[in-house]
There are 2 protein chains.
Amino acid sequence: MSPRARPHFCSLDAAMDVLSGKWKILILWELREQPRRFGELRRLVPGISEKVLVQQLRELEADGVVSRESHDGAQPRVEYSLTQAGLELTKALQPLTDWSLRYLVRV
Amino acid sequence: MSPRARPHFCSLDAAMDVLSGKWKILILWELREQPRRFGELRRLVPGISEKVLVQQLRELEADGVVSRESHDGAQPRVEYSLTQAGLELTKALQPLTDWSLRYLVRV
DNA sequence: CTGTATCCGATCTGATACTG
DNA sequence: CAGTATCAGATCGGATACAG
């Protein structure tokens, strides 16, 4: 769950908490241009288990960066997308990506 | 240690790895304006154990964002400071802090 | 003062099987 | 299709004692 039990020492700490989780960055990345269905995300994030995918999506949703929309019919169909906050978050991460390219070299 | 065993999927992922650790953000914050001695950091980061402080400092050092300088005499004396990469990293985190203030409200 | 060495519990992640 | 349930393994962080 998020906010996780841990207290925050500063606002940056709180933001990091939103991103803490092995796959969250990748999930946000896959949602950056369009909504994705659960099954799509499972394919786009190779190696993640269903349990963990659901869990990380729930946390991102609880933190207000992802929204979940369920269109149900004969076949269940659920779409996940970035909220405004989520979109702004991906933008706020750009300098960090640049820093990484400059100083970490390795990818 | 860092880079930790985990493979990275993108450069942002690599940057997040540098910051992953319960106290690293706080340690970087305390080093942002001046070098600090081990004992100072222990006091400035309340609640951290010596073991974990050393560990996180070693990882930050391995990732090239913190440098350690040992001036030894009768009393051991060690100073930690930000490298150029570390300083740039703190700057790259500013938009994330702003995002947090705008969208998370809580601190 | 600046660390090491242990041990332990909490948390996180993964594999697998199953359900509406 | 979109999840839940369960169990196990790995990793992380914390407490404490001790050392150079």
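Letters A, B, ... mirror the listed sequences (proteins, then strands); counts begin at 1.
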Practice task
Go through the structure and list residues passing ring pair (Phe, Tyr, Trp, His ring centres under 6.0 Å) with A/W29, not counting sequence neighbours.
Solution key: none

Fill in the blank from the handout: note: B/D17, atom CG; C/dC12, atom P; distance rounded to Å ~ 16 Å

Problem - Protein-nucleotide distance (B/K51, atom NZ; C/dT2, atom C1'), rounded to Å - result: 17 Å

Practice task
Provide, to the nearest angstrom, the distance between the CD atom belonging to A/Q55 and the C1' atom belonging to C/dT13.
Solution key: 8 Å

Problem - side-chain contact (heavy atoms from CB on, under 4.5 Å) between A/T90 and A/L31, intermediate numbers included - result: CA-CA 10 Å; A/T90 64; A/L31 294 176; over 6 Å; no

Handout entry: Minimum-distance nucleotide (side-chain atoms of A/S49 versus C/dC1, C/dG3, C/dA15)
Key = C/dA15

Handout entry: Integer-rounded Å distance: D/dC1 P and A/L57 CG
Key = 16 Å

Completion exercise
Between A/P76 and B/G47, whichever has its closest DNA chain D nucleotide further toward 5' is A/P76

Handout entry: Sub-4.0 Å heavy-atom contacts from residues 26-44 of chain A onto DNA chain C, ordered by number
Key = none

Exercise for the section: Please round to the nearest 0.5 Å and tell me the distance separating atom CG of A/L19 and atom CG of B/D13. Expected result: 11.0 Å

Practice task
Indicate whether OP1 or OP2 belonging to C/dG3 is found under 4.0 Å from a side-chain N or O atom of B/R58.
Solution key: yes

Exercise for the section: Taking the side chain as every heavy atom from C-beta outward, state whether A/Y103 and B/V18 have any atom pair closer than 4.5 Å. Expected result: no

Exercise for the section: Can you tell me the distance, in whole Å, between the CD atom of A/E50 and the C1' atom of C/dT19? Expected result: 12 Å

Fill in the blank from the handout: Rounded to whole Å, the OH-C1' distance (A/Y80 to D/dC1) equals 11 Å

Exercise for the section: May I ask you to evaluate whether B/K22 reaches the phosphate of D/dG14, defined as a side-chain N or O under 4.0 Å from OP1 or OP2? Expected result: yes

Handout entry: Pairwise distance CZ(B/R36) to CG(B/L82) - rounded to 0.5 angstrom
Key = 11.0 Å

Completion exercise
With the side chain defined as heavy atoms from C-beta on, B/R68 is closest, among D/dA2, C/dT2, D/dT4, to C/dT2

Exercise for the section: Examine D/dC12: is either OP1 or OP2 under 4.0 Å from a nitrogen or oxygen in the side chain of B/W23? Give yes or no. Expected result: no

Practice task
Hey, could you give me the CZ/CG distance between A/R68 and A/L60, rounded to the nearest 0.5 Å?
Solution key: 13.5 Å

Handout entry: Other residues, nucleotides, ligands: >12 heavy atoms within 6.0 Å of B/R102 CZ
Key = no

Practice task
Whole angstrom is fine here: how far is it from CD in A/E79 over to P in D/dC1?
Solution key: 14 Å

Completion exercise
Whole-Å distance, A/D72 CG to C/dT19 P, equals 21 Å

